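Because the structure is a prediction, the values reported are computed rather than measured.
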Amino acid sequence: MKSFTILSLAASAVSATAQMMSVAAPSGTVAAAAGAMTHTVTVGGVKAAADPSGTPTPILGYSPEAISAAVGDVVEFVFMQKNHTVTQSTFANPCVKMAGGIDSGFLPNPSGKPGVTFQMTVPATDPMWFYCKQKNGTHCGKGMVFSVNAVESGEKNSAAYKQLAIAQNGTGLLPANIAPSGGASVAAAPPASTVTIAAGASAAATIAAGQGQTGDGTACSCACLCGANSFPQAAAVNSFGGFAGMLS
């Protein structure tokens with residue numbers, strides 16, 4: 001009778017242990033397999049200004065930009081300022097979402113608070129390529145890319161993927177925040193205006209108007225004078241911010 005009681009207690013202890021081991025991982029997290037590693041990658045963020053009163057500089061990148069991971073390892077992306085994604089692409093087409101690929105979607109974190117994360121489990125040892133699909137500022141075209149298990153000794157390495165992203169998408173000038181200058185506002189010229197150059201010149205120029213936002217969200221507008229006269233050959237190709245023209 002005593003022997004039966006001991007066996008019953010032992011069976012109850014085994015059952016309780018089994019129930020504890022079968023508890024599911026918390027919602028929104030990925031449970032790493034036994035022996036697997038968790039790799040932490042920071043997404044975005046800001047760099048403090050040298051002047052304490054200055055504006056921090058946004059970080060358009062992942063840190064680190066490339067990792068080596070085993071099958072079953074978990075990659076945890078920690079999202080910081082301001083609004084980024086982790087989106088899978090192919091090597092040949094950076095900045096273009098791969099059909100059926102992994103995509104965190106936008107996870108905004110304007111204040112950089114802790115706890116904004118996205119996790120994935122590494123399914124194979126094949127290289128995986130990722131980018132940020134934020135078009136406001138063309139983050140991918142500025143080199144915001146990430147890779148898992150890239151063969152660094154081969155042609156398709158992480159540095160080559162980053163350069164390809166910049167080469168294919170870096171010249172797409174899409175709307176981005178414009179830092180306020182603090183100066184007086186200037187009225188925008190009407191679209192498609194025509195201006196005649198003074199001093200006897202007969203060339204006509206078109207003013208192309210644009211709309212945007214300052215860094216604090218205030219609406220603003222700008223105008224570009226085009227076609228007034230010639231530029232040096234190949235001037236301003238792939239340039240940002242304009243080019244001082246050459247007038248005869």
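The hydrophobic cluster around Val145 extends to Phe91, Trp129, Tyr131, Tyr161, Leu164, counting ILVMFWY residues whose side-chain heavy atoms fall within less than 4.5 Å of a member. Other cluster members for Val78: Met80, joined by side-chain heavy-atom distances under 4.5 Å among Ile, Leu, Val, Met, Phe, Trp and Tyr.
Under the side-chain hydrogen bond (donor to acceptor under 3.5 Å, both in side chains) criterion, no residue pair touches residues 106-116, with sequence neighbours excluded. Among residue pairs with one or both ends in residues 65-109, those qualifying as disulfide bond (SG atoms under 2.5 Å apart) are Cys95-Cys140; sequence neighbours excluded.
Atom CG of Asn136 and atom CG of Asn83 lie 9.0 Å apart (nearest 0.5 Å). Taken to the nearest 0.5 Å, the CG atom of Asp73 stands 11.5 Å off from the OG1 atom of Thr125. Interatomic distance, OG of Ser158 versus CD of Glu65, reported as 7.5 Å (0.5 Å rounding). Atoms NZ and CG, from Lys162 and Asn157 in turn, are 12.0 Å apart once rounded to the nearest 0.5 Å.
Proximity of a side-chain donor or acceptor of Gln168 to a complementary backbone N or O of Ala92 within less than 3.5 Å is detected. Between the side chain of Thr90 and the backbone N or O of Asn93 there is at least one donor-acceptor pair closer than 3.5 Å. Formation of a donor-acceptor pair under 3.5 Å by the Gln88 side chain with backbone atoms of Gly101 is not found in this model. One N or O on the side chain of Tyr62 and one on the backbone of Cys132 form a donor-acceptor pair closer than 3.5 Å. In this structure, the side chain of Thr85 engages the main chain of Lys133 through a donor-acceptor pair within 3.5 Å. Although no hydrogens or angles enter the test, the distance criterion places no donor-acceptor pair under 3.5 Å between the side chain of Asn169 and the main chain of Ile166.
Side-chain contact between Phe118 and Leu107 is present, with heavy atoms from C-beta onward closer than 4.5 Å. In this structure, the side chains of His39 and Met37 come closer than 4.5 Å at one or more pairs of heavy atoms. Residues Asp126 and Asn149 form no side-chain contact, since every pair of their non-hydrogen atoms from C-beta on lies 4.5 Å or further apart. Between Val75 and Val122, the closest side-chain pair of non-hydrogen atoms falls below 4.5 Å. Looking only at side-chain heavy atoms (C-beta outward), Pro123 and Met128 come within less than 4.5 Å of each other. In this structure, the side chains of Pro58 and Lys82 stay at 4.5 Å or more apart for every pair of heavy atoms. You'll find the side chain of Val148 reaches within 4.5 Å of the side chain of Met120, heavy atoms only.
Residues passing the side-chain hydrogen bond (donor to acceptor under 3.5 Å, both in side chains) test with Gln134, sequence neighbours excluded: none. Shown here are the ring-ring contact (aromatic ring centres under 6.0 Å, His included) partners of Phe77, two or more places apart in sequence or in another chain: Phe146.
Just one of Thr42, Thr117, Val116 meets the side chain to side chain contact (heavy atoms under 4.5 Å, CB included) condition when paired with Phe79; it is Val116.
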